[in-house]
Amino acid sequence: MHMLIEDYHEKIRNTQMLRVNRDIQQFLNEEESGGKKQVKEIQTLEHTLAIQNRYQQQVIDSKKRVLKELKKVVRQKEKVNEEFEAKLKEMNFDYNIRKNVSQVILAKYLFQWIT
């Protein structure tokens, strides 16, 4: 026991004589205490990393849901556009028929007027 106390006093004197900065003193003191602080820091960092991973996964899941909804909206808009295109083709066809009928009537009227 007496030797152990002398060893600790020797380490303290060496540490003080070296005039090392506070971080190195803290590190040396941690080595004597078994590195409990480092283990705690590692556990804290691992816990923080796990929380960040869960948060990022939630963000990714949220973005996937939004993307799925947007794709659904796009499909609905494409269907509406197809219906409008079909109506437009029908209206264009009706217009061309009326235009041709008008031209025939006009040609017939002009022919009668000339003769």
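Here the structure is a predicted model, which means the values were calculated and not measured. Numbers here are sequence positions counted from 1.
Sorted by first and then second residue, the side chain to side chain donor-acceptor pair (under 3.5 Å) pairs with a member in residues 81-103 form an empty list; sequence neighbours excluded.
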**Study point:** Stepwise side chain to side chain contact (heavy atoms under 4.5 Å, CB included) test for Arg65 and Lys68
**Key:** CA-CA 5 Å; Arg65 282 192 300 275; Lys68 186 177 179 181; 5.6 Å; no
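A search for side chain to side chain contact (heavy atoms under 4.5 Å, CB included) contacts involving His9 returns Ile5, Arg13, not counting sequence neighbours. Checked against side chain to side chain contact (heavy atoms under 4.5 Å, CB included), Val66 has the following partners two or more places apart in sequence or in another chain: Leu70. Scored by the side chain to side chain donor-acceptor pair (under 3.5 Å) test, Glu69 finds no partners at all (sequence neighbours excluded). Applying the side chain to side chain contact (heavy atoms under 4.5 Å, CB included) rule to Leu67 yields the partners Lys71; only residues at least two apart in sequence or on another chain are considered. Judged as a side chain to side chain contact (heavy atoms under 4.5 Å, CB included), and not counting sequence neighbours, the contacts of Thr44 are Lys40, Thr48.
Distance check: Phe84 CZ to Lys79 NZ gives 13.0 Å after rounding to the nearest 0.5 Å.
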May I have the list of side-chain donor-acceptor pairs in residues 53-60 shorter than 3.5 Å, sequence neighbours left out?
{"from": "Asn53", "atom 1": "ND2", "to": "Leu49", "atom 2": "O", "distance (Å)": "3.4"}
{"from": "Gln57", "atom 1": "NE2", "to": "Asp61", "atom 2": "OD1", "distance (Å)": "3.1"}

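In this structure, Ile97 shares a hydrophobic cluster with Phe93, Val101, Ile105, the cluster being traced through Ile, Leu, Val, Met, Phe, Trp and Tyr side chains under 4.5 angstrom apart.
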